[in-house]
A.B. asks: 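Here it is, the structure, as structure tokens.
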There are 4 protein chains.
Amino acid sequence: MRHEKVDIIFQAAVQVFAERGFDQAKMDEIAQVAGVAKGTIYYHFKSKEDLFSALMNEGIENLIDYAKRNITLYSRPIEQLNALIHAHIQFFIENKKLAKLLLAEAFGTKERQRQFRRQIHEYILLIKRILDEGVRAGEFSMIHPHEMASSLFGAASIVVLHKIYSFEGRERKVDLKATVMVETIRELVFNGILKKE
Amino acid sequence: MRHEKVDIIFQAAVQVFAERGFDQAKMDEIAQVAGVAKGTIYYHFKSKEDLFSALMNEGIENLIDYAKRNITLYSRPIEQLNALIHAHIQFFIENKKLAKLLLAEAFGTKERQRQFRRQIHEYILLIKRILDEGVRAGEFSMIHPHEMASSLFGAASIVVLHKIYSFEGRERKVDLKATVMVETIRELVFNGILKKE
Amino acid sequence: MRHEKVDIIFQAAVQVFAERGFDQAKMDEIAQVAGVAKGTIYYHFKSKEDLFSALMNEGIENLIDYAKRNITLYSRPIEQLNALIHAHIQFFIENKKLAKLLLAEAFGTKERQRQFRRQIHEYILLIKRILDEGVRAGEFSMIHPHEMASSLFGAASIVVLHKIYSFEGRERKVDLKATVMVETIRELVFNGILKKE
Amino acid sequence: MRHEKVDIIFQAAVQVFAERGFDQAKMDEIAQVAGVAKGTIYYHFKSKEDLFSALMNEGIENLIDYAKRNITLYSRPIEQLNALIHAHIQFFIENKKLAKLLLAEAFGTKERQRQFRRQIHEYILLIKRILDEGVRAGEFSMIHPHEMASSLFGAASIVVLHKIYSFEGRERKVDLKATVMVETIRELVFNGILKKE
DNA sequence: CATGAATGAGAATTCATTCAT
DNA sequence: AATGAATGAATTCTCATTCAT
């Protein structure tokens with residue numbers, strides 16, 4: 001069981017980082033939101049970078065775990081990909097703040113950002129493995145599996161992000177539903193958009 | 001004709017902002033790269049935000065113009081979408097720095113970021129209009145055109161970004177080719193990945 | 001008998017203070033080196049200042065005691081001064097860390113530093129008393145005994161310090177020998193440097 | 001001609017550093033004493049260390065220059081040493097603050113402190129060269145010229161420092177006279193303290 | 001006696017912006 | 001038009017000290 005204060009700080013940090021981005025997030029605000037003294041954060045985390053990295057690592061790991069857990073329920077690649085699409089979108093909806101951070105902070109040349117990309121790359125490889133397996137099993141067909149994997153990641157991620165932001169600022173907190181987006185990605189992936197007669 | 005110095009500053013600013021991101025970019029460095037005094041930047045631009053916004057607006061407008069120019073060469077939606085996919089990927093490859101900024105700075109709650117998203121939204125609507133037209137013309141078929149449009153935007157954007165970063169740090173400057181990525185997105189969009197017997 | 005923990009803390013404190021100086025020494029490091037919890041130090045010492053003062057007081061007292069012990073073995077002032085020179089240099093060599101602290105922390109306007117200077121002054125008076133006695137006994141001759149005493153203190157202290165630092169950083173721990181330095185100070189004090197024909 | 005503000009900052013820095021020592025000196029106070037904004041100091045100096053080093057380098061160089069200027073007025077080693085003793089003491093009296101800093105900050109393992117010691121070492125070599133020359137010319141006689149040189153440096157430095165501090169805190173600003181101290185060091189160096197019949 | 005998590009008052013440093021020249 | 005020295009508000013991080021267990 002992690003120390004109680006660490007959890008409180010984590011919660012506050014996710015919120016503030018997601019609201020402001022890494023650079024605009026102030027340790028003062030995180031401390032205030034967490035209801036602890038600033039020094040307490042530094043007692044548990046070496047630096048702002050350290051806190052942020054811990055946060056993101058845990059977030060991406062959760063995403064990967066969640067995806068894996070859903071994939072392993074099925075054996076056929078087509079079902080696995082189906083499950084992954086749903087898991088991905090569901091996770092982004094349930095972790096809107098992390099989703100924002102993931103895309104907003106994945107670019108740049110800082111070591112921490114390289115580390116995120118390494119983890120995201122790992123996730124994309126997870127997708128690619130399903131695609132490869134599907135090709136081997138004669139279920140899928142594609143010219144460039146690796147590019148296809150990152151395209152899927154992009155499609156499923158941006159469709160949620162775009163929706164999150166288009167609903168932002170609305171008075172009533174809208175309860176984002178996965179259905180429409182899951183349908184769209186599945187249709188795209190399994191069918192394409194060309195009309196079949 | 002824009003003032004000569006303004007162009008020099010623009011060039012320097014794109015480079016520095018792309019390398020560092022908005023917050024980590026220093027006006028000092030931009031001035032140094034541009035070879036002008038810091039005061040000169042402030043003579044031409046009200047503030048850092050102002051410079052950055054001018055930059056991004058121009059960038060996104062260029063993207064939209066480029067896409068439109070390519071689309072209007074064709075009349076059938078399927079050809080138009082084909083052209084857009086190529087234009088999008090080609091533009092991102094030729095404007096790597098802008099591409100990074102586009103995704104890295106599109107998220108956040110600052111007014112400037114809202115402005116970017118508005119422009120990106122406009123671009124996505126451009127895609128959606130092609131999709132709608134295709135549906136109307138009986139060429140395309142899809143349940144949620146708007147979500148499909150943002151998915152396409154995401155797929156085509158992230159596949160390039162992911163490739164840019166995976167080649168980063170390599171010894172030899174790799175000359176990114178559009179072909180593989182264009183093929184992938186077209187295959188995804190027009191065919192899906194299911195094997196047809 | 002002093003409490004065991006107090007001794008452990010003392011040892012650690014000498015080391016850390018000597019390595020870093022008062023301001024740069026961290027209570028955390030002292031605790032770590034001592035292998036006790038930080039709170040334990042505060043259980044035994046009121047404050048960092050308190051710990052440091054206790055340390056230095058004991059150190060200077062040891063120096064004075066050691067000098068006195070050596071002096072009282074002799075009755076003639078010339079022999080006593082001889083003994084003091086050797087004792088001083090020997091003590092500094094054997095207590096390099098204290099020697100550094102003594103000179104580095106003797107200056108400044110803090111109360112603790114005034115206290116050190118008072119003790120050093122006492123030590124210099126010890127020297128002066130030997131000189132006065134020598135003059136009275138017709139063995140020594142000098143115009144300003146007090147200034148001569150502090151000069152001797154300076155000569156004997158700096159010659160050792162300078163040697164300690166010139167050997168610092170060397171690969172092999174050099175075993176500093178007192179002989180050369182004792183010879184030098186005795187020659188200076190009893191003979192001066194002018195060549196006698 | 002150095003920039004005016006730099007000089008003002010230098011003056012303020014000497015004062016504050018001498019009063020408080022490196023670690024206790026606050027950039028805030030230096031800025032306030034100098035009557036400039038804190039940022040102005042950082043516009044001219046990279047860091048607190050940088051400012052301090054610039055200060056000390058200049059100080060030690062002044063000492064060395066002053067000594068050299070006085071030495072070169074004479075040709076015989078005995079006269080040169082005579083001149084150096086007077087110059088050293090005179091300089092320390094006229095630059096009390098620098099004198100304090102010199103001894104208080106010469107010890108420690110920081111790079112800056114190593115740099116000071118390197119410069120002080122150079123000064124001691126200046127003394128040694130006079131001693132060597134004197135030996136060669138048949139005027140001086142000593143077993144260990146290098147140790148003798150650092151002993152002289154110590155004697156002449158500490159006698160002044162000790163006097164400075166013994167007068168500190170007095171109501172009336174005492175005007176320290178060099179005579180007594182110069183006499184003492186000369187007597188020590190040229191004669192020793194043994195009574196000649 | 002001993003502990004170590006928590007604190008919060010500072011301190012160094014940064015950097016967008018201004019403005020006199 | 002252009003400059004660059006000067007500014008000071010803002011921010012990260014440090015660390016001696018406290019205190020509940």
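A note on names: the letters A, B, ... follow the listed sequences, proteins ahead of strands, and every chain is numbered from 1.
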A.B. asks: Taking for each residue the nucleotide of DNA chain F bearing the nearest heavy atom, is the 5' side occupied by C/Tyr42 or by A/Lys48?
C.D. replies: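 Counting from the 5' end, the first nearest nucleotide belongs to A/Lys48.
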A.B. asks: Would you indicate whether B/Gln32, at its atom CD, is surrounded by more than 12 heavy atoms from other residues, nucleotides or ligands within a distance under 6.0 Å?
C.D. replies: no
A.B. asks: E/dA6 phosphate, OP1 or OP2: any side-chain N/O from A/His44 under 4.0 angstrom?
C.D. replies: yes
A.B. asks: Just name whichever nucleotide pairs with E/dT21, Watson-Crick or G-U, keeping both distances under 3.5 Å, else none.
C.D. replies: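 WC or wobble partner is F/dA2.
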A.B. asks: Kindly state whether the ring of A/Phe116 and the ring of B/Tyr165 have centres lying under 6.0 angstrom apart.
C.D. replies: no
A.B. asks: Is there a donor and acceptor pair closer than 3.5 Å between the side chain of B/Lys38 and the base of E/dT17?
C.D. replies: yes
A.B. asks: Return the nearest nucleotide to the side chain of D/Ser47; candidates are E/dT13, E/dT3, F/dA2.
C.D. replies: E/dT13
A.B. asks: Please state whether the phosphate of E/dA2, meaning OP1 or OP2, lies under 4.0 angstrom from any side-chain nitrogen or oxygen of C/Lys5.
C.D. replies: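 It does, given that an N or O in the side chain of C/Lys5 lies less than 4.0 Å from OP1 or OP2 of E/dA2.
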A.B. asks: Rounded to whole angstroms, how far apart are NZ on A/Lys46 and P on F/dC15?
C.D. replies: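 Going from A/Lys46 (NZ) to F/dC15 (P), I get 15 Å.
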A.B. asks: Does A/Lys48 count as lying over the ring of A/Phe22, i.e. NZ or CZ under 6.0 Å from the six-ring centre, within 45 degrees of the axis?
C.D. replies: yes
A.B. asks: Figure out the CD/C1' separation between C/Gln32 and F/dC15, and round it to whole Å.
C.D. replies: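 In whole Å, F/dC15 C1' lies 15 Å from C/Gln32 CD.
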A.B. asks: Please tell me whether B/Arg112 and B/Gln115 have a donor and an acceptor in their side chains that are separated by less than 3.5 angstrom.
C.D. replies: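 Result is no, nothing qualifies.
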